[in-house]
Amino acid sequence: MIDLKLILQNPEEVEKKLSLRRETYDLSGIQELAKKRSQLQVQGDQLRSERNRLSKEVGNLMRQGKKDEAGTIKSEAAKIPARLEELEKEQTQVEAGLREQLLRIPNLPDASVPVGTSEADNRVERVIGNPRSFDFKVKDHVELGELLGIIDFEAAARIAGARFSLLKGDGSRLERALINFMLDLHTGEHGYTEILPPFMGSAETFTASGHLPKFEQDLFKVEPFGFYLAPTAEVPLTNMYRGQILAEEDLPKKLCAYTPCFRSEAGSYGKDVRGLIRLHLFDKVELYKFTRPEQSFAELESLVKDAGKVLDLLGLPFRVVSLCTADLGFASAKTYDLEVWLPGQNAYREISSCSNCTDFQARRASIRFKKAGSKGTELVHTLNGSGLAVGRTMVAILENFQEEDGTVKLPEVLWKYMGKKEIKVKG
RNA sequence: GGAGGAGUGGCCGAGUGGUCUAAGGCGGCGGUCUUGAAAACCGUUGGGCGGAAGCCCCGUAGGUUCGAAUCCUAUCUCCUCCGCCA
């Protein structure tokens with residue numbers, strides 16, 4: 001949620017910022033409901049105040065044994081509850097409506113985000129590494145996976161249908177190797193604490209992260225239990241401290257987590273139907289931070305660095321792209337995508353998305369910290385980023401390090417995890 | 001699935017209808033004392049809305065009442081025992 005106060009104090013500016021995204025938003029309903037709510041609040045407060053005063057008096061008189069006087073006041077006070085109930089009912093309704101609308105307003109883009117109308121306006125920040133030139137016709141990862149006997153899409157389809165994968169032998173070992181390599185790097189070198197959270201959560205959890213109520217169609221729901229499967233570890237990690245007050249000295253809190261990710265991919269029919277690129281179920285290692293507000297944008301830069309380090313060490317060429325206002329996710333104020341070079345597609349493809357959600361999720365989840373020296377609490381900022389999407393990393397390794405016969409030379413950092421230096425075509 | 005118990009402020013914990021809407025302790029902060037520190041002692045210390053007065057928050061949601069942490073109902077979570085089970 002964005003701050004209601006911001007909307008009430010400066011609606012024009014909020015509307016202007018929101019209009020930089022693709023959709024348009026009308027804030028007049030929110031303004032009206034907020035006004036109504038504070039009126040009801042004041043009226044209710046006055047009634048409650050009166051009731052409290054009279055009740056106290058009844059108590060005093062009873063103690064003094066003045067039963068008759070107490071009775072008189074009692075009957076006067078008895079008129080209040082009915083009126084109060086009416087007001088409270090109306091206020092509850094108004095508040096529910098207000099919240100419903102607020103929950104569907106996205107975060108405001110940061111001033112540093114390039115303004116644009118489509119992903120074509122995303123800004124390339126830097127390019128790292130050079131795509132290798134091949135003197136033979138490159139195969140894509142689907143061909144390589146079959147040739148090497150490490151990916152079996154037909155078997156996956158038998159089990160679960162389209163958009164699933166089945167890895168075997170060195171394929172499944174490579175997946176496991178990548179997960180371990182990434183976790184070891186982020187915990188060992190970058191100072192993140194490893195978390196293994198639940199992969200599903202309640203509606204409340206998904207509302208806090210911003211995935212509900214607006215994006216239910218993108219999620220798998222577990223009926224009849226009411227759980228949703230996490231499309232990213234960002235969801236459980238955001239909720240680890242829901243409703244908590246953190247100590248300032250514990251910030252920034254840096255977490256990383258391997259989880260499977262479940263996505264319905266509603267509306268993506270016909271897109272990336274081939275291969276490991278877009279699946280209903282994939283593995284990801286996620287990076288996550290809770291920070292003080294002043295440090296969140298600096299922490300975003302270092303988060304991008306941490307994710308990029310994985311690609312560096314694997315020897316994969318990539319570029320960093322700053323998403324424009326139209327391409328920004330719902331909860332994000334600023335997002336950098338890392339795009340890895342895929343020879344099989346002759347293109348850079350997203351392999352990590354790193355976002356600063358500022359106080360947007362923290363407000364929904366009520367995650368605050370106590371400021372040293374001053375009274376009260378303040379909302380933290382939350383950041384998340386892939387470090388990295390494991391399946392797409394496997395795609396990049398297969399395609400970038402293939403030999404003419406299909407053999408794949410593994411990056412040196414993976415040798416110890418794989419127990420070998422290459423995946424050979426079976427003779 | 002069966003039986004029982006428990007959810008109170010950062011933490012522990014008292015409080016079973018009305019002396020302030022939470023005693024006391026720990027922790028935190030400030031101070032006295034001290035060369036400094038510890039100890040001791042004194043003071044202070046939850047969250048939300050509001051300019052303020054004031055209002056709300058004792059797991060959550062309802063209910064009873066002039067008045068609910070306290071009584072009733074539902075629900076969630078945790079614990080113990082039994083059963084089942086990876």
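All chains are named by letter (A, B, ...) in the order of the sequence lines, taking the proteins before the strands, and each is independently numbered beginning at 1.
- The side chain of A:K5 lies closest to B:rG50, out of B:rC55, B:rC66, B:rG50.
- The separation of B:rC41 from B:rG54, taken at their C1' atoms, amounts to 37 Å, rounded to a whole angstrom.
- The separation between A:D250 atom CG and B:rG27 atom C1' is 15 Å, rounded to whole Å.
- Under a 4.0 Å N-O distance rule, the pair A:E265/A:R263 does not qualify as a salt bridge.
- Judged purely by atom type and a 3.5 angstrom limit, A:R173 uses its side chain to pair as donor or acceptor with the backbone of A:Y417.
- In this structure, CG of A:L84 is placed 15 Å from C1' of B:rG63, rounded to the nearest angstrom.
- For the pair A:L47 CG and B:rC56 C1', the computed distance is 15 Å after rounding to whole Å.
- Spacing between B:rA68 and B:rG63 at atom P, rounded to whole Å, works out to 12 Å.
- If you measure from atom NZ of A:K35 to atom C1' of B:rG50, you get 17 Å, rounded to the nearest angstrom.
- Between A:A77 and A:R48, the residue anchored nearer the 5' end of RNA chain B, judged by the nucleotide with its closest heavy atom, is A:R48.
- Comparing B:rG54, B:rG46, B:rC66 against the side chain of A:P81 picks out B:rC66 as the nearest.
- The CZ-P distance, from A:R99 to B:rC49, rounds to 15 Å in whole Å.
- Here, B:rG9 and B:rA61 have their P atoms 15 Å apart, quoted to the whole Å.
- The A:K56 side chain lies nearest to B:rU21 when the options are B:rU21, B:rC55, B:rG47.
- Contact annotation: A:T377 side-chain N/O to B:rG10 OP1/OP2 distance is not under 4.0 Å.
- With C1' as the reference atom, B:rU21 and B:rA69 are 10 Å apart, rounded to whole Å.
- Comparing B:rC71 with B:rA14, their P atoms are spaced 15 Å from each other, to the whole Å.
- The phosphate of B:rG48 has OP1 or OP2 within less than 4.0 Å of a side-chain N or O from A:R368.
- In this structure, A:D45 pairs ionically with A:R48, as a charged nitrogen and a carboxylate oxygen lie closer than 4.0 Å.
- For the P atom pair drawn from B:rG17 and B:rC72, the interatomic distance equals 12 Å after rounding to whole Å.
- The interatomic distance linking A:E249 (CD) with B:rG27 (C1') rounds to 12 Å, in whole Å.
- B:rG13 and B:rC58: their C1' atoms are spaced 13 Å apart (whole Å).
- Look at A:K36 and A:E90 and you find a salt bridge, because one of the NZ, NE, NH1 or NH2 atoms lies within 4.0 Å of a carboxylate O, short of that distance.
- For B:rC66, neither phosphate oxygen OP1 nor OP2 lies less than 4.0 angstrom from any side-chain nitrogen or oxygen of A:N52.
- Listed candidates were B:rG54, B:rG18, B:rC56. Nearest to the side chain of A:R51 is B:rC56.
- A close approach under 4.0 Å does occur between a side-chain nitrogen or oxygen of A:K370 and OP1 or OP2 of B:rG47.
- Classification of the A:H190-A:H186 ring pair by plane angle, with boundaries at 30° and 60°, yields tilted.
- As rounded to whole Å, 20 Å separates atom P of B:rG48 from atom CZ of A:R364.
- Here A:F220 and A:Y228 keep their ring centres 6.0 angstrom or further from each other.
- Here the nucleotide nearest the side chain of A:E85, chosen from B:rC55, B:rG63, B:rG18, is B:rG63.
- Distance check on atom P: B:rU70 versus B:rG15 gives 15 Å, rounded to whole Å.
- Comparing A:K74 and A:T92 against RNA chain B, the residue whose closest nucleotide sits nearer the 5' end is A:T92.
- In this structure, A:Q244 atom CD and B:rG59 atom P are separated by 16 Å, rounded to whole Å.
- Across A:M1 and A:R363, no two heavy atoms sit closer than the pair O-NH1, 2.7 Å.
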